[in-house]
S.K.: 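Below are the structure tokens for one structure; questions will follow.
The shown structure was predicted, so the numbers you read here are calculated from the model rather than taken from an experiment.
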Amino acid sequence: MSYRFMRIIVMFDLPVETVEDRRNYRKFRRLLIKNGFIMMQESVYTRMLLTPSSERTVIELIRKNKPPKGLVQLLTVTEKQFSKMIFIVGESKSDIIDSDERLVIL
């Protein structure tokens with residue numbers, strides 16, 4: 001595993017009280033999935049970043065498409081830090097390949 005890659009973690013808490021709130025929630029969630037994010041747990045999504053410029057691009061994308069209400073937080077960590085995640089209860093799902101091992105570098 002190479003440790004030069006990074007992960008961006010998006011954590012959000014959005015209201016779902018009105019029809020418009022639910023629409024904004026679904027729109028934001030679809031945006032994340034469409035742009036390569038994988039759900040770690042409810043309202044927590046992650047994506048691998050290959051370059052520092054891709055981090056800026058993703059942050060700007062989320063900033064431009066942020067919901068009008070609620071809380072959205074971003075955290076960027078190295079792949080080495082991410083791989084040291086400790087599971088207290090439950091375990092990692094292995095049905096999704098989400099590592100740098102699937103990359104083909106030409």
Side-chain angles (χ1 to χ4, degrees):
M1 178 184 296
S2 175
Y3 297 121
R4 63 181 178 198
F5 301 116
M6 302 195 60
R7 296 274 180 148
I8 188 163
I9 301 171
V10 178
M11 301 163 278
F12 56 93
D13 186 16
L14 304 177
V16 289
E17 297 168 359
T18 66
V19 173
E20 185 178 347
D21 288 343
R22 287 189 291 277
R23 185 179 311 118
N24 290 331
Y25 175 89
R26 286 190 307 269
K27 183 180 175 184
F28 185 71
R29 186 177 172 277
R30 278 192 301 248
L31 173 88
L32 294 175
I33 293 169
K34 179 182 170 189
N35 284 282
F37 282 86
I38 297 171
M39 184 171 72
M40 289 178 58
Q41 62 184 45
E42 204 169 315
S43 298
V44 179
Y45 286 73
T46 185
R47 175 180 164 184
M48 185 177 284
L49 301 171
L50 303 178
T51 63
S53 63
S54 64
E55 176 188 12
R56 291 187 295 274
T57 304
V58 169
I59 290 172
E60 193 58 35
L61 173 78
I62 292 173
R63 190 172 278 144
K64 285 182 182 176
N65 294 286
K66 69 183 187 311
K69 293 190 252 178
L71 175 67
V72 178
Q73 298 170 302
L74 305 176
L75 175 66
T76 304
V77 296
T78 64
E79 187 65 18
K80 184 174 183 177
Q81 291 168 326
F82 186 82
S83 68
K84 290 183 180 181
M85 186 181 310
I86 298 171
F87 294 91
I88 304 297
V89 176
E91 56 189 48
S92 176
K93 293 182 181 180
S94 61
D95 58 341
I96 298 175
I97 300 172
D98 185 34
S99 71
D100 61 341
E101 295 173 8
R102 67 181 179 166
L103 292 176
V104 177
I105 300 174
L106 301 175

S.K.: Flag the pair Phe5 / Phe82 as yes when at least one side-chain heavy-atom distance between them is below 4.5 Å, and no otherwise.
M.R.: no

S.K.: Got a sec, which residues hit ring pair (Phe, Tyr, Trp, His ring centres under 6.0 Å) with Phe37, two or more places apart in sequence or on another chain?
M.R.: none

S.K.: If I take atom CZ from residue Arg22 and atom CD from residue Glu17, how far apart are they, to the nearest 0.5 angstrom?
M.R.: 9.5 Å

S.K.: Identify the two heavy atoms, one from Val72 and one from Pro67, that lie closest to each other, and give their separation to 0.1 Å.
M.R.: CG2-CD, 4.0 Å

S.K.: With sequence neighbours excluded, what pairs up with Gln73 under the side-chain contact (heavy atoms from CB on, under 4.5 Å) test?
M.R.: Met11, Leu71

S.K.: Suppose the criterion is ring pair (Phe, Tyr, Trp, His ring centres under 6.0 Å): which pairs have a residue in residues 50-73, not counting sequence neighbours?
M.R.: none

S.K.: Are Lys69 and Asp21 close enough, and set up right, to give a side-chain contact (heavy atoms from CB on, under 4.5 Å), and what steps lead you there?
M.R.: CA-CA 8 Å; Lys69 293 190 252 178; Asp21 288 343; 3.3 Å; yes

S.K.: Can you list, pair by pair, the side-chain donor-acceptor contacts under 3.5 Å of residues 55-66, counting residues two or more places apart and other chains?
M.R.:
residue: Glu55; atom: OE2; partner: Thr76; partner atom: OG1; Å: 2.9
residue: Thr57; atom: OG1; partner: Ser53; partner atom: O; Å: 2.9
residue: Asn65; atom: ND2; partner: Leu61; partner atom: O; Å: 2.8

S.K.: Find the distance between OG1 (Thr46) and CE (Met39) and round it off to the nearest 0.5 Å.
M.R.: 12.5 Å

S.K.: Taking atom CE of Met6 and atom CD1 of Ile8, what is their separation to the nearest 0.5 Å?
M.R.: 9.0 Å

S.K.: Between atom CZ of Phe28 and atom OG of Ser43, what is the distance when rounded to the nearest 0.5 Å?
M.R.: 9.5 Å

S.K.: Suppose we screen for side chain to side chain donor-acceptor pair (under 3.5 Å). Which residues come up paired with Asn35, at least two apart in sequence or across chains?
M.R.: none

S.K.: Looking only at non-hydrogen atoms, find the nearest pair between Gly70 and Pro15 and report the distance.
M.R.: CA-CD, 3.7 Å

S.K.: CD1/Ile9 to OH/Tyr45 distance, rounded to the nearest 0.5 angstrom?
M.R.: 14.0 Å

S.K.: Taking Arg7 for its side chain and Glu79 for its backbone only, find out whether a donor-acceptor pair lies under 3.5 Å.
M.R.: no

S.K.: If Ile, Leu, Val, Met, Phe, Trp and Tyr residues are connected whenever their side-chain heavy atoms lie under 4.5 Å apart, and connections chain through other members, are Val19 and Tyr25 in the same group?
M.R.: no

S.K.: Among residues two or more places apart or on two chains, list those pairs meeting salt bridge (charged side-chain N to carboxylate O under 4.0 Å, His left out) that have a residue in residues 24-45.
M.R.: none

